[in-house]
Amino acid sequence: INLTLGSTAGANPRMYLYGTGNGQSSAGDIFMGAGAGGILHYRSAGLIKFEVNSDNTTAEALCITSGGQVNIGGDYTQTSWPLQVDIGTSNDGALRLRNDEISLQVAVHGTGHTYGREVSLNATRLDSNNDYPDLRLCGQGGIKLCVDANTERMLIDSNGATIKSS
């Protein structure tokens, strides 16, 4: 059984609920369209959850809290950070920004990884060009290298002078 709310064609607002027995590749899908210039609104006094899997073992994949924090992959109730990507005990990358040529990869490694407990920022190529990308760190006042949040060990000031702390 298929159910259509609104128009079936054009740029008009509509919602389709595709039945599982319709013999189409869209079986079980839900489609919502706001129409030309329209806005699709989702409202909740609490959380907005996006879950995956179609049987009784649904798993939460993304949650937007009532305060606007976006949580992906776990710890769906945290409200301290605007965006959190939780990869659990995985030692794989957590975030990638890319274009067609290069990417910036952010990874967190646990005790089971060959890097040990480290965080990696990696500029890497995606194409076959042998022009490898650089990683540029910028700060108008300088760049500080620290061993923890409070212990600065080296500063490159805005004039390019390197100052080593003891």
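The analysis underlying the following values was restricted to heavy atoms, covering all of them including side chains, and did not include hydrogens, waters or symmetry mates.
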Contacts of N99 meeting side-chain contact (heavy atoms from CB on, under 4.5 Å) (sequence neighbours excluded), chain-then-number -> E101, I102
Rounded to the nearest 0.5 angstrom, the OG1-CD distance for T77 and Q84 is 9.0 Å
**OP:** Tell me, yes or no, whether the heavy-atom count around D148 atom CG, taken from other residues, nucleotides or ligands under 6.0 Å, exceeds 12.
**Re:** yes
Sorted by chain and number, sequence neighbours left out, side-chain contact (heavy atoms from CB on, under 4.5 Å) with V70 holds for L62, I64, I72, L83
Note to self: Would L104 and L95 count as a side-chain contact (heavy atoms from CB on, under 4.5 Å) here? Give the steps.
What the structure shows: CA-CA 8 Å; L104 170 66; L95 178 66; over 6 Å; no
Contacts of E51 meeting salt bridge (charged side-chain N to carboxylate O under 4.0 Å, His left out) (sequence neighbours excluded), chain-then-number -> none
Quick check: does any side chain N or O of Y76 sit under 3.5 Å from a backbone N or O of E60, one acting as donor and the other as acceptor? yes
> Does a side-chain heavy-atom distance below 4.5 Å link L97 with V106?
Replying inline: no
* Say whether, by atom type as modelled, one donor and one acceptor occur between the side chain of N159 and the main chain of A161 under 3.5 angstrom. => no
Using a 4.5 Å side-chain heavy-atom cut-off and chaining through intermediate ILVMFWY residues, the residues clustered with I163 come out as L155
Counting only pairs under 3.5 Å, give me each side-chain donor-acceptor contact of residues 120-127, with atom names and distances, residues two or more places apart or in other chains.
residue: S120; atom: OG; partner: H109; partner atom: NE2; Å: 2.9
residue: N122; atom: ND2; partner: Q105; partner atom: OE1; Å: 3.3
residue: R125; atom: NH1; partner: N129; partner atom: O; Å: 2.8
residue: R125; atom: NH1; partner: N130; partner atom: OD1; Å: 2.9
residue: D127; atom: OD1; partner: N129; partner atom: N; Å: 3.2

Closest non-hydrogen atoms of C146 and E152, given as atom of the first, atom of the second and distance, are SG-CA, 3.7 Å
Rounding to 0.5 Å, atoms CD1 (I156) and OG1 (T162) come to a distance of 5.0 Å
- [ ] Flag yes if V108 and V85 sit in one hydrophobic cluster, no otherwise; membership is Ile, Leu, Val, Met, Phe, Trp, Tyr, and two members link when side-chain heavy atoms are under 4.5 Å apart.
- [x] yes
Are Q69 and Q78 close enough that some pair of their side-chain heavy atoms sits under 4.5 Å apart? yes
Sorted by chain and number, sequence neighbours left out, side chain to side chain donor-acceptor pair (under 3.5 Å) with S128 holds for none
Closest non-hydrogen contact found for I48 with S44 is CG1-CB, 3.9 Å
Heavy-atom closest pair (A45 atom, S66 atom, distance to 0.1 Å) is O-CB, 3.8 Å
